[in-house]
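Down below is the structure, laid out as structure tokens.
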Amino acid sequence: LKNGDNVNDPGYTLPFPIIDNRLGPLVFLDVKHGKQFRGNVSRSYSNVDEAEIVVSLYHKLREGKEMYKVTIGVITPYSEQVRLLRSKLSKELTAGYLEINSVDAF
């Protein structure tokens, strides 16, 4: 991925607030202690520890008053992880400011 010319301009400012300098518009996290499980029906993978971190980060980001209109997208390569995250964040999904899907669906 490459930034557009407008983003490389020294005067560019993000169109949303950064709550934590470690969290930018795109974040990859390595969850070393997580364990993957394979579903019986879909044969896809899920990871409960990773899902809990996503839930925690989502709520942390939503604490900021200025974040109420920002949509947060969660992308995972596995359909079983999509299912797990949607079940853990079902109430938040209905508010319309959260999208959870697989790489293929985005």
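All values below were derived from every heavy atom in this structure, side-chain atoms included, with hydrogens, water molecules and symmetry-related copies excluded.
- Atom OH in Tyr97 sits 8.0 Å away from atom CZ in Arg62 (nearest 0.5 Å).
- The minimum heavy-atom distance between Asp49 and Lys35, with the atom names listed, is OD2-N, 3.8 Å.
- Put simply, CD1 on Ile100 and NZ on Lys88 are 11.5 Å apart, with the number rounded to the nearest 0.5 Å.
- Remark: Arg86 CZ to Glu92 CD distance equals 14.0 Å, nearest 0.5 Å.
- Taking every heavy atom of both residues into account, Ala105 and Asn101 meet most closely at CB-OD1, 3.0 Å.
- Scanning both residues, Ser44 and Ser79, for their nearest heavy atoms gives OG-N, 3.2 Å.
- Between the side chain of Thr76 and the backbone N or O of Gln81 there is no donor-acceptor pair closer than 3.5 Å.
- Rounding to the nearest 0.5 Å gives a distance of 12.0 Å between CG of Leu85 and CD1 of Ile75.
- Note on Val82: it clusters hydrophobically with Val74, by side-chain heavy-atom contacts below 4.5 Å among ILVMFWY residues.
- There is no path of hydrophobic side-chain contacts, each under 4.5 Å, that joins Tyr45 to Val54.
- Atoms CG and CG, on Leu93 and Leu98 in that order, are 4.5 Å from each other to the nearest 0.5 Å.
- Leu89 and Leu84 are not part of a single hydrophobic cluster, where members link through side-chain heavy atoms under 4.5 Å apart.
- Note that CD of Glu80 and OG of Ser102 are 12.5 Å apart. Values are rounded to the nearest 0.5 Å.
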